[in-house]
Amino acid sequence: MITAILLLVLVLLPPAVGVLFILDRGQAEELSRNRMLADRIDALLPQTQCGACGYPDCRSYANAIVSGAAGIHHCPPGGMHTRNRLAELLSGSPVSPSAQQPPEEPNLVARIDEQLCIGCVKCISACPVDAIIGAARQMHTVMPKVCTGCGLCLPPCPVDCITLVPEEARIKRFVWPKPQSAVEVHS
Ligand code: SF4
Ligand code: SF4
Ligand code: SF4
């Protein structure tokens, strides 16, 4: 009886070890692929490490995109430019398509009420993309072409004179509205 069991173990052990080895190798390859994809996503992020995406830093956000836990539209400093580049990178990758789909929402830009601005310069220090110009005790203004609408300049302003407003349509960003389908037109 014992001999039979030993024989059985000897026969079954090598294939079992082989299967475990293959599974282990498959997992290692997947981990390595995910790490490389996260590296490429991280390289497209602004590296502000501001946490506005809900993750402590850009790398954690990149990992969340790879795992499918986060979409590509949660990085305000990156704005539309970063979203588009991420969508380009992830098209054809195994990352969930819903994670790649940016929501349809207007682009926002910061606007300073120049009558209220006291020129304290705090917003300039907060802006990750240098979109604000101004000098100490002088009126400040936002360059809408550079502003990504991240909103990071709002909290430091002591007189609450910065607001986010929908960006005016510019020829570079204009897209034709979707055509109505024949069914919608005739119903
Ligand atoms: S919001 Fe963007 S820049 Fe800020 S930590 Fe997240 S990924 Fe980085
Ligand atoms: S001006 Fe304000 S909203 Fe615009 S990018 Fe700079 S910090 Fe963000
Ligand atoms: S933080 Fe507000 S008050 Fe200070 S410079 Fe910027 S816009 Fe003006």
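Indexing begins at 1, ligand by ligand and atom by atom, following the structure's order.
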Do me a favour and list the nearest non-hydrogen protein atom to [atom] with residue, atom name and distance?
atom                    : result
atom 6 (Fe) of ligand 3 : C123 SG, 2.3 Å
atom 2 (Fe) of ligand 3 : C157 SG, 2.4 Å
atom 8 (Fe) of ligand 2 : C150 SG, 2.3 Å

Numbering as shown, the atoms of ligand 2 that approach [X] to under 4.0 Å (heavy-atom distance):
X    : result
V129 : 5 (S)
C153 : 1 (S), 2 (Fe), 3 (S), 7 (S)
C147 : 1 (S), 3 (S), 4 (Fe), 5 (S)

With heavy atoms of I162 as the reference, note each atom of ligand 3 found under 4.0 Å away.
->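 Answer for ligand 3: 7 (S).
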Considering the heavy atoms of V121, write down every atom of ligand 3 situated less than 4.0 Å from one of them.
->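 So the answer, numbered in order with elements, is 4 (Fe), 5 (S).
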Report the part of T148 in contact with ligand 2, treating N, CA, C, O as backbone and CB onward as side chain, heavy atoms under 4.0 Å; options are side chain, backbone, both, neither.
-> both
For ligand 2, is any non-hydrogen atom under 4.0 Å from I132's backbone (N, CA, C, O), its side chain (CB onward), both, or neither?
-> side chain
So, D42 and Q47: side-chain donor and acceptor under 3.5 Å apart, yes or no?
-> yes
Run down the list C117, C120, G119, S125 and name the one with the heavy atom closest to atom 4 (Fe) of ligand 3.
->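 Among C117, C120, G119, S125, the closest heavy atom to atom 4 (Fe) of ligand 3 belongs to C120.
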Heavy atom of C161, distance to ligand 3 below 4.0 Å | yes
Under 2.8 Å from atom 2 (Fe) of ligand 1, protein N/O/S atom count?
->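 Total protein N/O/S atoms under 2.8 Å from atom 2 (Fe) of ligand 1: 1.
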